[in-house]
Amino acid sequence: MATDTLKSTTGASGASAVRRLLLDNGALTALIALVIAMSALSGDFLTTDNLLNIGVQAAVTAILAFGVTFVIVSAGIDLSVGSVAALSATVLAWMATSQGVPVWIAVILAVATGIACGLVNGVLISYGKLPPFIATLAMLSVGRGLSLVISQGSPIAFPESVSHLGDTLGGWLPVPVLVMLVMGLITALILGRTYIGRSMYAIGGNEEAARLSGLRVKKQKLAIYALSGLFAAAAGIVLASRLSSAQPQAAQGYELDAIAAVVIGGASLAGGTGKASGTLIGALILAVLRNGLNLLSVSAFWQQVVIGVVIALAVLLDTLRRKAGATPVAAGTGAPGGRGKQAATYIIAAVVAAAVVGAMSFLHNGSSSSATKKVGLSLSTLNNPFFVQIKSGAQQEAKKLGVDLTVTDAQNDASQQANQLQNFTSSGLGSIIVNPVDSDAAGPAVRSANKAGIPVVGVDRGVNKADTAALVASDNIAGGKLGAKAMAEKLGGKGKIVILQGLAGTSASRERGAGFAEGLKAYPGIEVVARQPADFDRTKGLDVMTNLLQAHPDIQGVFAENDEMALGAVKALGSKAGTSVSVIGFDGEPDGLKAVKDGTMYASVAQQPKELGRIAVENALNAAEGKTVDKTVMVPVKVVTKENVAGFGG
């Protein structure tokens, strides 16, 4: 009887210990489960190249998140880290290239920029009494604006000596991964071994009690936000190094990923808890999710849904953990045996992960399928009908030719597109099609595909400093010139016009704008009274045009660098559109052509997006099979007006 009782008690105790272990290490458990699931679902996941890709793709988010960890542990929030990262990288590139400053001084100035932004946040919060959400939201806008002002909206080439941060050591070990690990160790040291680290936990646990105990809370917050700015600057430099250019629009939305990584890693937004290892695991979970979902050809739209669900589950797990009494221990404050127990947990996790790697490698060993007819298509965005039509044309041709086509959406983020291209490369696809967010930023990832022997086809936009088997595109500069000619002829060679520009930094906006400006030189009677960006977006086109009409009510023409902005301008102009004001768009998308037919838009410089997608897939398959393809395939562009819109096939 005694023996039975003992066994029962021991079994219950063992089950309780396992349950507590899982609750205390929820993020680590989730990471292992994800690795197992992705390994089982995709034979391409557990390759050396792909695992290194995951590390590289997690690096920038993790470095940002380490800085945000300091803020969240102290019960604050920092929404500005993405913009500060972009600003710091832009300062470095601008100083080193345009201003001729020595690179090492430019690096110091970039880091100082990040620290300065953090200090401003700290001053506004500590002495200005602004809520952290508001203060850092303001810095988000200021940082992004300054980045655009300095760069004039265009990417700036990064110094070669600093770009090595985006390379590999020994030809296989990525430098960004090493930087991430070093920054993680520094974070752990600060949190667990320094006075400022202990102050963060004290302030996050109870700020008033910390103040009454003699802690100089205001000065500590200055240091905390300065650290966040420092880590943001480091992340920005690593990101720009990967892309070989400083992108003024880089790291948009990364602040949310950073916060998500910290929360998934076990920190509480209420403050007082959090550790560097948890943040690293949180960043790896996000990277594994995105990488695995890409390999499984899951829609980019569904990927956002999955990420949101994971964040919600992480917070729910934190709530359950607290209710179960499994309270996280602040770094450096655990019991004497706590560190050994934590180390043992990580060793067990490593053993489990190694076993999974071996098992899944054996499971997928020998599975063969021809990669020749597997093609990846990375589009700059699917939030635009033009690129949706490219996707549609590509999918129709892929179905016709029996090609397995995987489509991803970069969401106008050059770094996200670089990740997608790396995933395609590690998957061993037959060929890759890329519609670059930025021609320069896509270069490093395409060069990696070149090294792997995977042919790359550019569509709509070319790739700089890399080899592409073919470029399937319309001539944006020629299209801009055609738009200028059409506008001048409509206005009789004289009049006042405004220009709605596309997303700053994109090659399409630069080329169309340059072509239009070149074309206008032949018509000195045409006066451009305003140029404003509306980011290729219909809503922004409406708002910007509404504002411009207040200052320039007597305009006779509008040139928009895409149809979406033109349609927004038409809405703002109301009855003036098509009567006293002539609107010309670009792309020839269905809504734009309908507006031309209805007479509210005078013309659209029409491309043939479905044809672009179709020809790109055809050339990608031919290149994969070793057939000869033309280096450049130009799809005709034409000005579509009410007179010829009925005969335009699109």
Novice: Find out whether Pro533 and Glu561 are in side-chain contact, i.e. whether some heavy atom of one side chain is under 4.5 Å from a heavy atom of the other.
Specialist: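 When only atoms from C-beta onward are counted, Glu561 and Pro533 do not touch, as no gap falls below 4.5 Å.
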Novice: Taking atom NZ of Lys631 as the centre, does the number of heavy atoms from other residues, nucleotides or ligands within less than 6.0 Å exceed 12?
Specialist: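 Counting neighbours around NZ of Lys631, more than 12 heavy atoms of other residues, nucleotides or ligands fall under 6.0 Å, so yes.
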Novice: Taking the side chain as C-beta and beyond, is there a heavy-atom pair between Val605 and Val640 under 4.5 Å?
Specialist: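 Contact flag for Val605/Val640 side chains = no.
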Novice: Which value, rounded to the nearest 0.5 Å, describes the distance between Phe387 atom CZ and Ser380 atom OG?
Specialist: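 Answer rounded to 0.5 Å: 3.5 Å.
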Novice: How close do Gly430 and Ile454 get, counting heavy atoms only, and between which atoms?
Specialist: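 Taking every non-hydrogen atom into account, O-CG2, 4.0 Å.
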Novice: Report the relative orientation of the aromatic rings in Phe586 and Phe559; use parallel for angles under 30°, tilted for 30 to 60°, perpendicular for over 60°.
Specialist: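 Perpendicular, since the angle between the ring planes exceeds 60°.
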Novice: Looking only at side chains, do Asn53 and Asn291 share a donor and an acceptor under 3.5 Å apart?
Specialist: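 Per modelled atom types, Asn53 and Asn291 side chains form no pair under 3.5 Å.
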Novice: Would a distance-only check, ignoring hydrogens and angles, find a side-chain to backbone donor-acceptor pair under 3.5 Å from Gln152 to Val149?
Specialist: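 Here the side-chain-to-backbone pair exists.
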Novice: Would you say the side chain of Asp475 lies within less than 4.5 Å of the side chain of Met634, judging by non-hydrogen atoms?
Specialist: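 Yes, their side chains come closer than 4.5 Å.
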Novice: Do Asp438 and Gln247 pair up side chain to side chain, a donor and an acceptor below 3.5 Å, judged on atom types alone?
Specialist: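 Per modelled atom types, Asp438 and Gln247 side chains form a pair under 3.5 Å.
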Novice: Can a donor-acceptor pair be found, under 3.5 Å and without considering hydrogens, that links the side chain of Ser241 to the backbone of Val162?
Specialist: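 Looks like yes, one N/O pair under 3.5 Å.
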Novice: Yes or no on side chain to side chain contact (heavy atoms under 4.5 Å, CB included) for Ile432 and Val375, after CA distance, side-chain angles and deciding distance?
Specialist: CA-CA 6 Å; Ile432 297 171; Val375 177; over 6 Å; no
Novice: Check Ile63 against Phe231 and note the closest heavy-atom contact, atom names and distance.
Specialist: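 Scanning both residues, the minimum pair turns out to be CG2-O, 3.4 Å.
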Novice: Counting distance only, does the side-chain N/O of Gln420 pair as donor-acceptor with the main-chain N or O of Asp409 below 3.5 Å?
Specialist: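 Confirmed, Gln420 side chain pairs with Asp409 backbone.
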Novice: Do Asp587 and Pro385 have side chains that approach each other closer than 4.5 Å (heavy atoms only, starting at C-beta)?
Specialist: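 Of all side-chain heavy-atom pairs linking Pro385 with Asp587, none is under 4.5 Å.
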Novice: Has Ser426 got a side-chain atom pairing as donor or acceptor with Asn50's backbone, closer than 3.5 angstrom?
Specialist: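 No, Ser426 side chain to Asn50 backbone: no donor-acceptor pair under 3.5 Å.
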Novice: In Å, rounded to the nearest 0.5 Å, how long is the span from NZ of Lys627 to CD of Glu618?
Specialist: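 So the gap between those two atoms works out to 9.5 Å.
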Novice: May I ask you to test the Ser431-Val457 pair for a side-chain heavy-atom distance under 4.5 Å?
Specialist: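 Heavy-atom side-chain distance check fails, nothing below 4.5 Å.
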Novice: Please examine the side chains of Phe424 and Thr406, heavy atoms only from C-beta on, and report whether any two atoms are closer than 4.5 Å.
Specialist: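 In short, these two side chains touch, coming nearer than 4.5 Å.
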Novice: Can you name the one residue among Thr113, Ile150, Leu109, Thr90 that meets side chain to side chain contact (heavy atoms under 4.5 Å, CB included) with Met95?
Specialist: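 Option passing the side chain to side chain contact (heavy atoms under 4.5 Å, CB included) with Met95: Leu109.
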Novice: Are the side chains of Gln252 and Asp413 in touch, meaning some heavy atoms are under 4.5 Å apart?
Specialist: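 When only atoms from C-beta onward are counted, Asp413 and Gln252 do not touch, as no gap falls below 4.5 Å.
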Novice: Got a donor-acceptor contact below 3.5 angstrom from the Ser392 side chain to the Val388 backbone?
Specialist: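 No; judged by distance alone, with no hydrogens or angles, the pair does not exist.
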Novice: Please check if any side-chain donor atom of Asn384 sits under 3.5 Å from a side-chain acceptor atom of Arg538, or the reverse.
Specialist: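 Absent: no donor and acceptor within the cut-off.
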Novice: Kindly say whether Met139 contributes a backbone atom to a donor-acceptor pair with the side chain of Ser80 at under 3.5 angstrom?
Specialist: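 No; judged by distance alone, with no hydrogens or angles, the pair does not exist.
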Novice: Is the backbone N or O of Gly143 less than 3.5 Å from a side-chain atom of Ser147, with the two atoms forming a donor-acceptor pair by type?
Specialist: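 Checking the backbone N and O of Gly143 against the side chain of Ser147, no donor-acceptor pair under 3.5 Å is found.
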Novice: Run Ile54 and Phe45 through side chain to side chain contact (heavy atoms under 4.5 Å, CB included) and show every step you take.
Specialist: CA-CA 10 Å; Ile54 291 172; Phe45 182 80; 3.6 Å; yes
Novice: Could you tabulate the donor-acceptor pairs under 3.5 Å formed by side-chain atoms of residues 100-108, not counting sequence neighbours?
Specialist:
none

Novice: Judged by atom type as modelled, is there a donor-acceptor pair below 3.5 Å linking the side chain of Thr381 to the main-chain atoms of Asn383?
Specialist: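 Looks like yes, one N/O pair under 3.5 Å.
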Novice: Examine distances only and state if a side-chain atom of Ser83 and a backbone atom of Leu140 form a donor-acceptor pair shorter than 3.5 Å.
Specialist: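 Yes; at least one donor-acceptor contact below 3.5 Å.
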Novice: Is there a donor in the side chain of Gln395 and an acceptor in the side chain of Arg614, or the other way round, less than 3.5 Å apart?
Specialist: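 The answer is no; no qualifying pair exists.
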Novice: Nearest 0.5 angstrom please: Asp535 CG to Leu500 CG, how far?
Specialist: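 If I round to the nearest 0.5 Å, the distance is 11.0 Å.
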Novice: To check you understand the geometry: which heavy-atom pair defines the closest contact between Val238 and Pro176, and what is its length?
Specialist: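 Closest heavy-atom pair between Val238 and Pro176: CG1-CB, 3.9 Å.
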Novice: Could you go step by step and tell me if Val306 and Leu289 meet the side chain to side chain contact (heavy atoms under 4.5 Å, CB included) rule?
Specialist: CA-CA 8 Å; Val306 172; Leu289 268 174; 3.9 Å; yes
Novice: Nearest 0.5 Å please: distance from the CZ atom of Arg531 over to the CZ atom of Phe516.
Specialist: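 If we round to the nearest 0.5 Å, Arg531:CZ and Phe516:CZ are 8.5 Å apart.
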Novice: Got a sec, which residues hit side-chain hydrogen bond (donor to acceptor under 3.5 Å, both in side chains) with Gln501, two or more places apart in sequence or on another chain?
Specialist: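 Gln501 satisfies side-chain hydrogen bond (donor to acceptor under 3.5 Å, both in side chains) with no residue once adjacent residues are dropped.
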Novice: Please determine whether side chain to side chain contact (heavy atoms under 4.5 Å, CB included) holds for the pair Leu46 and Leu51, giving the CA-CA distance in whole Å, both sets of side-chain angles, and the decisive distance to 0.1 Å.
Specialist: CA-CA 7 Å; Leu46 278 178; Leu51 293 177; 4.2 Å; yes
Novice: Do you know which two heavy atoms are closest between Phe158 and Ala93, and how far apart they sit?
Specialist: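 Shortest heavy-atom separation between Phe158 and Ala93 comes out as CD1-CB, 3.8 Å.
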Novice: Taking side chain as C-beta onward, heavy atoms only, is Glu625 less than 4.5 Å from Lys373?
Specialist: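 Yes; the side chains approach each other to less than 4.5 Å.
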Novice: What are the two closest non-hydrogen atoms of Ala59 and Met180, and how far apart are they?
Specialist: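 Looks like CA-SD, 3.6 Å.
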Novice: Which heavy atom in Ala508 sits nearest to a heavy atom in Phe536, and how many Å separate them?
Specialist: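 That would be CB-CZ, 4.3 Å.
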Novice: Run the salt bridge (Lys or Arg N to Asp or Glu O under 4.0 Å) test on Asp404 and Lys374 for me, step by step, so that the C-alpha distance in whole Å, both residues' side-chain angles and the decisive distance to 0.1 Å come before the verdict.
Specialist: CA-CA 5 Å; Asp404 182 4; Lys374 290 183 178 180; 5.1 Å; no
Novice: Are more than 12 heavy atoms, taken from residues, nucleotides or ligands other than Glu160, located less than 6.0 Å from that residue's CD atom?
Specialist: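 Open: at most 12 neighbouring heavy atoms sit under 6.0 Å from CD of Glu160.
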Novice: Ser244 side chain to Ala240 main-chain N or O, any donor-acceptor pair under 3.5 Å?
Specialist: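 Looks like no, no N/O pair under 3.5 Å.
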Novice: Please tabulate, for the side chains in residues 458-472, all donor-acceptor contacts under 3.5 angstrom to protein atoms that are two or more places apart in sequence or on a different chain.
Specialist:
residue, atom, partner, partner atom, Å
Arg461, NH1, Pro436, O, 2.7
Asn464, ND2, Asp440, OD1, 2.8

Novice: I need the Leu405 CG to Lys391 NZ distance, nearest 0.5 Å.
Specialist: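 Answer for the CG-NZ pair, Leu405 versus Lys391, is 9.5 Å.
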Novice: What's the spacing between Met565 CE and Thr539 OG1 if we round to 0.5 Å?
Specialist: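 One finds 12.5 Å between CE of Met565 and OG1 of Thr539.
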Novice: Using the side-chain hydrogen bond (donor to acceptor under 3.5 Å, both in side chains) rule, pick out the option among Thr408, Asn423, Asp257, Thr61 that qualifies with Arg290.
Specialist: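 When side-chain hydrogen bond (donor to acceptor under 3.5 Å, both in side chains) is applied between Arg290 and each of Thr408, Asn423, Asp257, Thr61, only Asp257 qualifies.
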